[in-house]
Each structure stands twice: as structure tokens, then as C-alpha cells.
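Worth saying up front: this structure is predicted, and the values here are computed from it rather than measured.
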Amino acid sequence: MPNTNQNTRPVLVTGGTGKTGRRVAERLRDLGHPVRVGSRSGTPPFSWEDPTTWEPALEGVGDLYLSYQPDLALPGAPETVGRFARAAADLGVRRTVLLSGRGEEGALAAERAVAEAGAEWTVVRCSFFAQNFNESFLLPQVLAGELALPVGGVTEPFVDADDIADVAVAALTGKGHAGAIHELTGPRALSFAEAAQEVSAATGRSVRYTELTHEEFAAALAEEGLPPELGDLFAVVLDGRNARTADGVQESLGRPPKDFSVFAREAAAMGVWSP
């Protein structure tokens, strides 16, 4: 029988070294919750590609933050996430908080799979991460002074990973989140050209936006060793469907989300964009 003492059972944070998982783990530890990091370097090690690592990582876990890499929209992701969520429920995990994306059919399928797995669930459905500019694939472009993307003038209400982590931790540790879908965005939508201007203002360096074709972008992804499907994902979710803002941060936390300009100033102050 699984241990039912939720206060002593760890929270498994998959992607626990990534943009949101790292922040979720830090906040949980600060609140006194034991944390198990789900990563290849974790103890025990965890890998989405190796199902034999799943049960050891889930053994004795009370709650789960489920962040799938590289993206829920990629082929096979919903099936993998569903199998993992069912395994978690079978091993006694009480609550699963799923990190999801807006406007993605694969993400919606993964949400349904988690909801049907048997554990209490919450979905944290997010817009494009602000931290993609300083902690992920857009960082080299910012450092080079040129955002080269196939998105035209489409706008996106970039969401800050700190807001995502705060909402996820509230869902993992508080009441009133069971069966909820929290849709998280920033407070306003910006084009990528406007985002480049915000970064320029924060850093004092020139960062411009350059339009690519989807073929050129796919070639650039291949050069960086990233899945070509990410190019297809850009074409889908950055077609204007996600331009509207949502109130998930305000509704979950009782405060407004962080604006992209604040994110840019904070990131610049950390020196990550310094030449």
C-alpha cells in the first residue's frame, strides 16, 4: 500500500532542471516540501525515452509536476504522457499538475490523458515563455543582435516562468485547483519585433527582428540540432490564435502577471545578455 502521509512524500518534478521545473522545485523546497528532481542526473535518474526509469522515479511520490520535453505538440507525446500519468496514479500519486501549451492539438490530447489517468489533476496552460529569450533557443539570437524568426507581425502575450512556477506551486500545495485549467499569459501581447525593442531598451544594445521563411527557420533549427517539428509548431501556434491575453495568473494568485518589460530589465540585470 502506498504511504498516504502527503507531508512526508516528495513531489516529483519532471524537467526539474528546466525553465519551469527548476523554479517549481526551488519554491517547494522553500516551503519545506521534499522534492525529487526528475531528470537524467536525478536520484534515481529519470528519462522520458526510457520507461524503465519511470516507476523508480515515481515510487513513494505524493504529488507530481509533469513537464514533458521537448514539447507536448510533438508526435507521440500525448501517448507517452498518458502512460506516465496512469503509472503515477497506479503508484499512489495524489495530484498531478501538467504544464501545457496554448493552441496545440497535441497538448489538448495530453491534457485529456492526464485528466483520465485517475489522480487529481490541474492544467497550467501557458503562452510563449519570456525565458525563451534568455534561457533557451532564442538566447544566441539575442546575443547576436538579431531575432530571425518566421512569425511576421503576429503578437504573443509572453508569460514569465516565475509566474508559471508560482501558479504550479499553488496548485500543488493549495486547495481549490482540482480539475482546473489555469490559462497563463503576460498582461499584453507584443510582436517579436516589439519584444526585440524591449530587450534593446533593457540592455542598451541593438537587437532587431528579421523575418525568415519557414524553410529557412527549419534549416536553422537543424543546424542547432533541434527537432524539425519545432518549426512546424511555430507555424501553428504563432499564427495569431494565441494573441489574446488570459487571466489565469490573476485568478490563481490574486496579482497581475509580470510584464515583458519587467522580465527584460531583470534578465539584463543578471548579465545573461552581456556581450
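Here Leu99 is tied into one hydrophobic group with Val11, Val13, Val24, Leu28, Leu31, Val35, Val37, Tyr65, Val97, Val124, Phe129, Val159, Ile164, Val167, Val169, Leu172, Leu184, Val249, Leu253, each link being a pair of ILVMFWY side chains closer than 4.5 Å.
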Intermediate values then yes/no, side chain to side chain contact (heavy atoms under 4.5 Å, CB included), Gln131 and Phe263:
CA-CA 8 Å; Gln131 276 70 18; Phe263 153 75; 3.7 Å; yes

Please determine whether side chain to side chain contact (heavy atoms under 4.5 Å, CB included) holds for the pair Trp273 and Val207, giving the CA-CA distance in whole Å, both sets of side-chain angles, and the decisive distance to 0.1 Å.
CA-CA 11 Å; Trp273 291 326; Val207 181; over 6 Å; no

Asp166/Arg255 under salt bridge (Lys or Arg N to Asp or Glu O under 4.0 Å): CA gap, chis, key distance, verdict
CA-CA 11 Å; Asp166 286 344; Arg255 63 165 177 80; 2.8 Å; yes

Quick one: do Leu91 and Val61 satisfy side chain to side chain contact (heavy atoms under 4.5 Å, CB included)? Show the steps, please.
CA-CA 8 Å; Leu91 288 167; Val61 165; over 6 Å; no

Test log, rule salt bridge (Lys or Arg N to Asp or Glu O under 4.0 Å), inputs Glu135 and Lys19:
CA-CA 7 Å; Glu135 296 182 16; Lys19 287 188 287 294; over 6 Å; no

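Atom CG of residue Leu147 and atom CZ of residue Phe192 lie 8.0 Å apart, to the nearest 0.5 angstrom. Atom CG of Asn134 is separated from atom OG1 of Thr203 by 12.0 Å, given to the nearest 0.5 angstrom. Note: Glu198 CD to Phe158 CZ = 10.0 Å, rounded to the nearest 0.5 Å. If you take CH2 on Trp54 and CG on Leu12, they are separated by 12.5 Å, rounding to the nearest 0.5 Å. The distance from atom CG of Asp162 to atom NZ of Lys258, rounded to the nearest 0.5 Å, is 4.0 Å. Note that OG1 of Thr245 is 9.5 Å distant from CD of Glu183, once rounded to the nearest 0.5 Å.
Remark: side-chain polar atoms of Arg102 are not paired, donor with acceptor, to backbone N or O of Arg125 under 3.5 angstrom. Without hydrogens or angle criteria, Glu216 side chain to Thr213 main chain gives a donor-acceptor distance under 3.5 Å. The backbone N or O of Ala171 sits less than 3.5 Å from a side-chain atom of Arg95, completing a donor-acceptor pair. Here the side chain of Glu211 pairs a donor or acceptor atom with the backbone of Gly152 at under 3.5 angstrom. Here the side chain of Glu194 pairs a donor or acceptor atom with the backbone of Ser191 at under 3.5 angstrom. In terms of modelled atom types and a separation under 3.5 Å, the side chain of Arg241 and the main chain of Gly103 share a donor-acceptor contact. In this structure a side-chain-to-backbone donor-acceptor pair under 3.5 Å is missing from Thr96 to Leu64. With hydrogens and angles disregarded, no donor-acceptor distance shorter than 3.5 Å links the side chain of Arg265 to the backbone of Ala201.
Taking 4.5 Å as the limit, every side-chain heavy atom of Phe128 sits out of range of all side-chain heavy atoms of Thr185. Contact check for Ser39 versus Arg22: no side-chain heavy atoms found under the 4.5 Å cut-off. In this structure, Pro187 and Pro257 have side chains that are in contact, with non-hydrogen atoms separated by less than 4.5 Å. Using a 4.5 Å cut-off on side-chain heavy atoms (C-beta onward), Pro78 and Arg112 make no contact.
Under a cut-off of 6.0 angstrom, the local environment of CD in Glu55 is sparse, with at most 12 non-hydrogen atoms contributed by other residues, nucleotides or ligands. No more than 12 heavy atoms of other residues, nucleotides or ligands sit less than 6.0 Å from atom CZ of Arg40. By the 6.0 Å contact criterion, CD on Glu105 is open, its count of non-hydrogen atoms from other residues, nucleotides or ligands being 12 or less.
The aromatic rings of Phe46 and Trp48 stand perpendicular to each other, their planes meeting at an angle above 60°, with 30° marking the opposite boundary.
Across all non-hydrogen atoms, the minimal contact from Phe217 to Ala148 is CD1-O, 4.2 Å. Taking every heavy atom of both residues into account, Leu190 and Ala195 meet most closely at CD2-N, 4.2 Å. Scanning all heavy atoms of the two residues, the minimum distance from Gly60 to Pro10 falls at O-CD, 3.4 Å. Listed here is the closest heavy atom pair of Ala73 and Asp71: N-OD1, 2.8 Å. Taking each heavy atom of Thr14 and Ser67 in turn, the nearest pair found is OG1-N, 2.8 Å. Closest approach of Pro157 to Ser127, counting heavy atoms only: O-OG, 2.7 Å.
Note: Phe133 and Phe260 meet the aromatic proximity criterion, with ring centroids under 6.0 Å apart.
In terms of hydrophobic clustering, with Ile, Leu, Val, Met, Phe, Trp and Tyr side chains grouped at heavy-atom distances under 4.5 Å, Tyr68 and Leu74 are assigned to different clusters. Transitive grouping of hydrophobic side chains (ILVMFWY, heavy atoms separated by less than 4.5 Å) keeps Leu108 and Val236 in distinct clusters. In the hydrophobic clustering of this structure, Leu143 groups with Leu221; members are Ile, Leu, Val, Met, Phe, Trp, Tyr whose side-chain heavy atoms approach within less than 4.5 Å, directly or through other members. Criterion: ILVMFWY side-chain heavy atoms under 4.5 Å apart, direct or through other members. Under it, Val237 and Val154 are not part of a common hydrophobic cluster.
Of the options Arg94, Arg9, His33, a side chain to side chain donor-acceptor pair (under 3.5 Å) to Asp63 is made by Arg94 and by none of the others.
Residues His177 and Thr122 have side chains that never bring a donor and an acceptor to within less than 3.5 angstrom of each other. In this model, no donor atom of one side chain and acceptor atom of the other lie less than 3.5 Å apart for Asn242 and Glu156.
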